[in-house]
Amino acid sequence: MSITRLLGIKYPIFQGAMAQIALAPLVGAVSNAGGLGIIASGGLSANQLREEIRKTREITDKPFAVNLMLMMPNIPELIDVVIEEDVKIVTTGAGTPAPYMETFKNHQILVIPVVPSVKIAKKMETLGADAIVAEGTEAGGHVGETTTMALLPQVVDAVSIPVIGAGGIADGRGIAAAFALGAQGVQIGTRFLTTIECPTHPNFKQAVIDANDTSTTVTGRSLGGPVRSIKNEMIKAYLELENKKASREELEQLSLGSLRKAVHEGNVEQGSVMAGQIAGLCNKITTAEEMITTMFQEAQHVLDRMASLSLVEKEWI
Ligand code: TUI
C-alpha cells in the first residue's frame, strides 16, 4: 500500500521531529497542509507530551505522529501517553524500538523507525516496522555516516516495506531525486526551520537563512553520538576539546542545555543550532503550506524535464 494511503495523508512528506521545535503549532500546520506533522517528544515530560497532542488536535483533524527519541529515560511514560491519547503513528530515532513493538502492535499503532544504515533498516523490518525513514548524514541533529544518495537505494533494495528518504532534501529537486532512488516519500526537517509556523527564536531562523553549504559540521563523534549543527563559537570550542581528547564530562558540560539556548533564547553563538547540510538552500520564510505545495509543483517540473530527456537521442544507449 502507498505511504499516503497507509497514513491517510495527501502528500508523502514527513516533517522531521526536531527537538523543542516540532510542537503543536508546526505539527498542526504541516498536517493541515496535507503532510505528516510529527511531534518531537524528546525532552518533554509525559504531561507536556499529552498537552502537545491535545493542542495539535485543536489545530488539525488530520493525521499526525509522535516521534520517540529512544535515548530519553522517560520513553515508557511517553508511550503510555501515546496510547492513552490514541495517537496511531509513531516514528522512532536514536535507538531500537524492539522492547515496545508488541505494545505498539497490540494498539494498532503504525511504527516507522528512522535509521542510518542498511543493517538497522533490515533489523527494523524484521521487528515489524510498517515503513522506514532512511536518513543520510546530511541531516541535522543525531546522524549516521552514510549519505542519502548512497543509503537510500541500498535500503530500498534491502527491505520490502515503504522507504522514506531523509537528509539533504529541501526542494522539489530533492524530492524528485529521492523518488528516483526508490523512496516513496521524504522527511524534511531543516526547510521547516524557515517556516512562519516554526516557533524558534528569530535568531535561530536567521542562522539557517545565513547558512551556506559548508556551514554545518559534526561534533560528538568521540562520544559515539555524532550531531550535525551550524558552526559557531560553542561548536568551535567543542571541536577543540574533542581534538584534545577531553573527557565526556567536560564535553557534556559545554553542550548542556545548548539546544534550549539557541532555540528559545536565540543565543546562536553559545547554543546548539542543529540543522542539515541543505541549510544553504533554505533562505526564504514561507508558511508550511506554501512550502509543501511549491515543493511538489517543483518536483513535478523536474520529473517532466527528466521524462523528456532522451538518452537514446543523445546516443548514450
Ligand atoms: O534521532 C535522530 N536525530 C536527532 S535526535 C536529536 S536529540 C539530541 N539532542 C542532543 C544530543 C543528541 C541528540 C537530534 N537529532 N535521527 C534519527 C536517527 N536515528 N539517526 C540515527 C538513528 C539511529 C541510530 C542507531 C537509529 C537506530 C540506531 O540503532 C538501532 C539499533 O538497533 O541498534
Side-chain angles (χ1 to χ4, degrees), residues 14-23 38-44 65-75 78 90-101 111-129 131-148 151-152 155 159 163-169 186-190 192-193 200 204 216-230 234-235 238 242 248 251-264 271-277 279:
F14 295 9
Q15 153 257 306
M18 300 165 287
Q20 296 185 35
I21 298 171
L23 301 171
I38 305 180
I39 297 173
S41 70
L44 299 185
V66 167
N67 173 262
L68 298 165
M69 216 289 253
L70 295 164
M71 287 189 318
M72 289 294 154
N74 63 340
I75 284 293
L78 296 176
V90 300
T91 64
T92 67
T96 175
Y100 318 109
M101 284 307 275
V111 184
I112 309 181
V114 180
V115 304
S117 71
V118 166
K119 187 176 167 192
I120 298 176
K122 282 179 163 170
K123 186 167 146 190
M124 297 304 162
E125 182 178 42
T126 307
L127 284 176
I132 288 282
V133 177
E135 185 182 79
T137 192
E138 298 92 319
H142 180 58
V143 287
E145 293 290 347
T146 310
T147 62
T148 303
L151 177 67
L152 202 40
V155 170
V159 299
V163 177
I164 310 301
I169 304 171
V186 294
Q187 173 165 287
I188 290 182
T190 304
F192 282 108
L193 292 172
T200 55
F204 195 111
T216 73
T217 192
V218 174
T219 52
R221 279 212 170 89
S222 63
L223 301 183
V227 170
R228 181 179 301 286
S229 49
I230 294 178
M234 186 273 288
I235 294 295
Y238 194 107
E242 267 195 308
R248 174 176 291 269
L251 291 168
E252 282 176 352
Q253 190 58 37
L254 187 60
S255 58
L256 197 70
S258 60
L259 188 58
R260 177 162 298 276
K261 236 183 249 173
V263 170
H264 300 289
S272 163
V273 188
M274 291 189 199
Q277 288 182 333

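Remember, it's 1-based here, ligands and their atoms both numbered in the order they're listed. As a basis for the values below, the full set of heavy atoms in this structure was taken, side chains included, without hydrogen atoms, waters or symmetry mates.
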Report task. Taking the side chain as every heavy atom from C-beta outward, state whether V111 and L127 have any pair of such atoms under 4.5 Å apart. Result -> no
Requested in this report: Would you indicate whether the side-chain heavy atoms of E242 and T219 approach each other to under 4.5 Å?
Outcome: yes
Query raised in the report: So do R221 and E145 actually touch side chain to side chain, heavy atoms under 4.5 Å?
Result: yes
Query raised in the report: For ligand 1, is any non-hydrogen atom under 4.0 Å from V227's backbone (N, CA, C, O), its side chain (CB onward), both, or neither?
Result: side chain
Query - Minimum non-hydrogen distance to atom 32 (O) of ligand 1, winning option of K123, E252, H142 - result: K123
Query raised in the report: Any side-chain heavy atom of S229 sitting closer than 4.5 Å to one from I235?
Result: yes
Query - Option whose closest heavy atom lies nearest to atom 26 (C) of ligand 1, chosen from L68, L70, I120, V114 - result: V114
Query - Exceeds 12 heavy-atom contacts within 6.0 angstrom, atom CD of E252 - result: yes
Query raised in the report: With a 4.0 Å heavy-atom cut-off (strictly under), which part of E135 contacts ligand 1: side chain, backbone, both or neither?
Result: side chain
Report summary line: Closest non-hydrogen atoms of M18 and F192, given as atom of the first, atom of the second and distance, are CE-CB, 4.1 Å
Query raised in the report: Where is the nearest protein heavy atom to atom 13 (C) of ligand 1: which residue, which atom, and how far?
Result: M69 CE, 4.0 Å
Report task. With T92 as reference, evaluate V133, L70, V66 under the side chain to side chain contact (heavy atoms under 4.5 Å, CB included) test and give the passing residue. Result -> L70
Report task. Find all atoms of ligand 1 within a distance of less than 4.0 Å from any non-hydrogen atom belonging to G141, and give their numbers and elements. Result -> 14 (C), 15 (N)
Query raised in the report: Is it true that G42 lies under 4.0 Å from ligand 1, counting heavy atoms only?
Result: no
Report task. Compute the shortest N/O to N/O distance between A94 and ligand 1 and return yes if it is under 3.5 Å, no if not. Result -> yes
Report summary line: heavy-atom search around atom 24 (C) of ligand 1 in the protein gives P116 CG, 3.8 Å
Query raised in the report: For atom 9 (N) of ligand 1, which protein heavy atom lies nearest, and how many Å away is it?
Result: M274 CE, 3.6 Å
